Trainee: 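Please find one structure pasted underneath; my questions will follow.
In what follows, chains carry the letters A, B, and so on, assigned in the order in which the sequence lines appear, proteins first and then strands, with residues in each chain numbered from 1. What you see is a predicted model; the values in this text were computed from it and never measured.
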Amino acid sequence: MNLSEIGIIGEDEILRGSRNKYTLSGFFIFLFVVINHYSTSILSLFSFKSNADIPFYLISYFIILFLGPFLIMMASFDIISNEVETGSIRYIISKIDRASFVLGKFLALFIVFVFALFAITIINLFYTYFSNNTIQLGTAVLFWGFSSLYLGCFITIFLFISALSENNRTSLIMSIVFLGILFFLLIQGNDSFLKYFTPFSYGINNIGFFGKSTHVIDFYALFKNTFAMIIYEIIFLSMSLFAIKRRDL
Amino acid sequence: MTSIITTEGLSKKYGSQFVLNDVSLNVKNKDIYGFLGENGAGKTTTIKLLSGLLISTSGKIIIDDMDMDIESNNIKKIIGLVPQDSSFYDSRNALSHMIYYGRLKGLTKKDALEQSNILLDKVGLKEAMKKNVGYFSHGMKKRLAIAQALLNKPKILILDEPTNGLDPAGTRQIKEILCEFNNNGITIVISSHNLLEIQEICNRVGIIHKGKIIAEDKIETIRHLESNGVVTVGVYNLSHKIINLIESLEFVVKTELKAENILDIFVNSMDDTKPEINKLIVENGGRVFKLVENSLSLEDAFFNITNSY
């Protein structure tokens, strides 16, 4: 593993790689503009007394929780398998360490989505301010951090699947099946250990931070959830590295 | 001369099938080493193992005194690989590929750009360096593959069927480039099933057959491994008796009937054997109309060796 090699792979993926991730993150940002914009007019018709009551971060977090994994899947299922399928990986792997290649790809995707989530956080701040709500920078930072870590978990999952696959088709099918399994574990494993296998569970644990009374932060829960997601990412990244190191190209 | 690539008992298994079995290679420094074999013999597998694309089932690969299992990343820095299929990014131009690969080889952006210009010029792609690779012909892609392999001056250049599918002019140009870089001190390993091409540019060859190395030496030695030459004799009334008598001669390795009255006699002798063969045929009633001696080509040697396995 070499930081300079990781940087070159990451930079190349960001500047010259597939446009897929930009289209999807652009769509993601646009979706949040639309939702935030109309939530002020639609949600106030129902249970909210004034615009100031609308929990913009909670709404946005829910969308990230359930729509984010699909977008990440579409953006990352072919990130390695495409290079394997076309054979372009041979020119790269014959020059650098395999681990640098995988970590560079992860870094590129992670950076793109962290920036997209930053844009979404700013959009939320903007709408919070213009609906006469109190701006809570702490909540904004938590939203950005948790969403990034949560989507990072899915990036590592689909990176692992992509590193295992011979071609894009296999990778897509395996990704869809795996995402289905994660949903199943979420539904079935609510009260059992199974829930620890799915990032949905860690994501749902964080919902409490974005409710109405967010001024009191449970630091223990904050640390526990952050740590759990980081460990989850490390496990899947390690599995991706192991998979790529042992496979024939 | 010292060895730069050595493999010991190298094997590769897919499922229960061995595609390489106990392969021991020895490439000397500054060699142009030809790696010969039929389709499916194990050439590409060996090349991929040497360049770190495949993981061996067993055995050792030592390159420039470094063990592939321990120092594969350092080995990659001194190797330039030209894979069999030229799979580049279609939407990028040649220069962009070269700078990217150059940086992966440890060059700065500036050095990568400088070397890319020189190498693309050398392989005849200077005019097309800003054209997307998707519009390149097969030959242009092959030349780009060679150019990228030469970035950061590798000590060893490994090429898997580099002239496959090229026109004669393209083949000639690639041979000239390889010879030029070899003169500059680069060791070249080239796999091919084009025996003529190997005979023209290589000084040593290894022959792989069904996943095993069956011969490895200088081309001259390989050519005379089974016999020193072939005497072609034309006899109007060639009989089985005459053929049997010829085969019983001490210096005759084997005979092959080419036509009804044309016989190839593979001889293993440094002396002129023609008078003795002629005398034997005439004494047994044969009327000789042709008697010529040719040295064996690498192609003859290749078929002789592989057929005997």
Trainee: Output the distance between atom OG1 (B:Thr45) and atom CG (A:Asp248), rounded to the nearest 0.5 Å.
Mentor: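 Between atom OG1 of B:Thr45 and atom CG of A:Asp248 there are 9.0 Å.
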Trainee: Nearest heavy-atom pair of B:Leu104 and A:Ile96: which atoms, and what distance?
Mentor: O-CG2, 3.5 Å
Trainee: Evaluate the criterion side chain to side chain donor-acceptor pair (under 3.5 Å) for residue pair B:Tyr100 and A:Glu11; output intermediate values, then yes/no.
Mentor: CA-CA 10 Å; B:Tyr100 178 41; A:Glu11 182 193 311; over 6 Å; no
Trainee: Are more than 12 heavy atoms, taken from residues, nucleotides or ligands other than B:Phe18, located less than 6.0 Å from that residue's CZ atom?
Mentor: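 Above 12, so yes.
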Trainee: Are the side chains of A:Ile89 and B:Leu53 in touch, meaning some heavy atoms are under 4.5 Å apart?
Mentor: no
Trainee: Decide salt bridge (Lys or Arg N to Asp or Glu O under 4.0 Å) for B:Arg103 and A:Asp12; before the verdict, give the C-alpha distance in whole Å, the side-chain angles of both, and the deciding distance to 0.1 Å.
Mentor: CA-CA 11 Å; B:Arg103 290 181 68 206; A:Asp12 185 77; over 6 Å; no
Trainee: Counting only heavy atoms not in A:Leu3, do more than 12 fall under 6.0 Å of its CG?
Mentor: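 No.
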Trainee: For A:Phe242, is the CZ atom crowded, meaning more than 12 foreign heavy atoms sit under 6.0 Å from it?
Mentor: no
Trainee: State the OG-CD1 distance between A:Ser94 and B:Ile158, to the nearest 0.5 angstrom.
Mentor: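 Interatomic distance, A:Ser94 OG to B:Ile158 CD1, rounded to 0.5 Å: 9.5 Å.
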Trainee: Counting only N and O atoms by type, is there a donor-acceptor contact under 3.5 Å from the side chain of A:Lys95 to the main-chain atoms of B:Lys105?
Mentor: no
Trainee: Is B:Lys77 atom NZ crowded by more than 12 heavy atoms from other residues, nucleotides or ligands, each under 6.0 Å away?
Mentor: yes
Trainee: For A:Phe115, look at atom CZ and say whether over 12 heavy atoms of other residues, nucleotides or ligands are found less than 6.0 Å away.
Mentor: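 No, because the 6.0 Å sphere around CZ of A:Phe115 holds 12 heavy atoms or fewer from other groups.
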Trainee: Passes side-chain contact (heavy atoms from CB on, under 4.5 Å), B:Lys48 versus A:Leu249? Steps please.
Mentor: CA-CA 8 Å; B:Lys48 283 182 170 181; A:Leu249 296 166; over 6 Å; no
Trainee: Which atom pair, heavy atoms only, marks the closest approach of A:Arg16 to B:Ser96?
Mentor: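 Here A:Arg16 and B:Ser96 meet closest at CD-OG, 3.9 Å.
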Trainee: Determine whether more than 12 heavy atoms belonging to other residues, nucleotides or ligands lie under 6.0 Å from atom OH of B:Tyr14.
Mentor: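 Buried by this count: over 12 neighbours within 6.0 Å.
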Trainee: Check whether any side-chain heavy atom of A:Arg246 lies under 4.5 Å from a side-chain heavy atom of B:Ile55, and answer yes or no.
Mentor: yes
Trainee: Check this for me: B:Lys126, atom NZ, are more than 12 non-hydrogen atoms of other residues, nucleotides or ligands nearer than 6.0 Å?
Mentor: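 Atom NZ in B:Lys126 is not packed in, count stays at 12 or less.
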Trainee: What part of B:Asp85 is in contact with chain A, defined as an atom under 4.5 angstrom from a non-hydrogen atom: side chain, backbone, both or neither?
Mentor: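 Both backbone and side chain.
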Trainee: Tell me, out of A:Lys245, A:Arg247, A:Glu5, A:Arg90, who's got the most heavy-atom pairs with chain B below 4.5 Å.
Mentor: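 Winner by heavy-atom pair count: A:Arg90.
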Trainee: Check whether B:Ser87 reaches the backbone of A:Thr86 with its side chain - one donor and one acceptor, N or O, closer than 3.5 Å.
Mentor: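 Such a contact is found between B:Ser87 side chain and A:Thr86 backbone.
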Trainee: With only heavy atoms counted, which part of B:Tyr89 is less than 4.5 Å from chain A, the side chain, the backbone, both or neither?
Mentor: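 For B:Tyr89, side-chain heavy atoms alone lie under 4.5 Å from chain A.
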